[in-house]
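As structure tokens, the structure follows; a few thoughts come after it.
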Amino acid sequence: MASPTRGAFIVIEGLDRSGKSTQAAILHSRLQGPEQSAKAVLLKFPDRTTAIGKMIDAYLRSQSELDDHAIHLLFSANRWELATSICAHLAAGMTVIADRYAFSGIAFSARKGLSYEWCRAPDVGLPAPDLTVFLDVEPEVARARGGYGEERYEQEGIQRGVRAMFERIGEEMNRDGQGKWVVIDASKEKDRVARDIWHVVESLAEGVDAPTAKLWQ
Ligand code: FDM
Ligand code: MG
């Protein structure tokens, strides 16, 4: 078998309090582990450390007000500013794990009433994930997990609308052969969810023998 040409790009998506960050960290340490030769890098979107990320952070904490279109474009720009480094990591044979990506961008903005096509447009051409794992949890289960925080969007009604948008995105991804979208029941206990994720990720851990696709292109 030819050796893989690059690392895999894996996105973890889901509602707030679905366990994304916990599961992304577990997956990251597992991919880094002594038995796997591939090294992994963990990214988080929004990346609040950049200049654009700081504007997003202020908006999410209600310290600033922005037009819905403007904040949408900032979230997208925040991905584009990391696109080159994602490609560089993949080319170096690293697995890249992203905690949220363009799918959150569409789901949260389209729920506000912005056009779905308009929301998708600025992310067209980003590095496409090889696999997106959607951690599915009922919004009331998510809320019961210690409650939502104080940030914008952390409300059950909003999360319900966002979940419906995610469902549409996942169906379209699989229908159009745009990289695999797998739904995992995230209401189960943490170790069980981690095992279910590993089951779908394992075959990608050694890398991918195909160029990185461009999202929605
Ligand atoms: N969010 C996240 C968006 O609205 N658009 C995006 O493109 C991204 C990546 O930001 F409510 C929302 C989703 C969430 C909020 O995310 C902050 P974290 O994962 O809670 O930091
Ligand atoms: Mg949050």
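Counting starts at 1 for both ligands and their atoms, in listed order.
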Lys/Arg-Asp/Glu bridge criterion (N-O < 4.0 Å) met for Asp196, Arg192: yes
Whether Trp118 and His72 hold their rings parallel, tilted or perpendicular, with breakpoints at 30° and 60°: tilted
Arg48 N/O under 3.5 Å from ligand 1 N/O: yes
Protein residue, atom and distance nearest to atom 20 (O) of ligand 1, heavy-atom basis: Asp16 OD1, 3.4 Å
Test: Arg143 cationic atom under 6.0 Å from Tyr148 six-membered ring centre, within 45° of axis: no
Those atoms of ligand 1 less than 4.0 Å from some heavy atom in Gly105: 5 (N), 6 (C), 7 (O)
Top protein contact for atom 10 (O) of ligand 1, by heavy-atom distance: Phe75 CZ, 3.6 Å
Nearest-0.5 Å distance that lies between atom CZ in Arg120 and atom CD in Glu172: 6.5 Å
Any N or O of Tyr153 closer than 3.5 Å to N or O of ligand 1: no
Glu81 and Thr50: side chain donor to acceptor below 3.5 Å: yes
Residues Asp136 and Arg163 bridged, charged N to O under 4.0 Å: yes
Salt-bridge criterion met for Glu151 and Arg48 (N-O under 4.0 Å): yes
Short N/O/S contact of Asp16 with the Mg ion (ligand 2) (below 2.8 Å): yes
salt_bridge(Glu202, Arg30) N-O dist < 4.0 Å: no
Ligand 1 contact on Leu60 by region, counting heavy-atom pairs under 4.0 Å: side chain
Residue, atom name and distance, where the atom is the protein heavy atom closest to atom 4 (O) of ligand 1: Phe108 CB, 3.2 Å
Ligand-side contact atoms (ligand 1) for residue partner Phe45, heavy atom cut-off under 4.0 Å: 9 (C)
Nearest non-hydrogen protein atom, atom 7 (O) of ligand 1: Arg79 NH1, 2.8 Å
Identity and distance of the protein heavy atom lying nearest atom 18 (P) of ligand 1: Lys44 NZ, 3.3 Å
Shortest heavy-atom approach to atom 14 (C) of ligand 1 - which of Arg17, Glu151, Arg100: Arg100
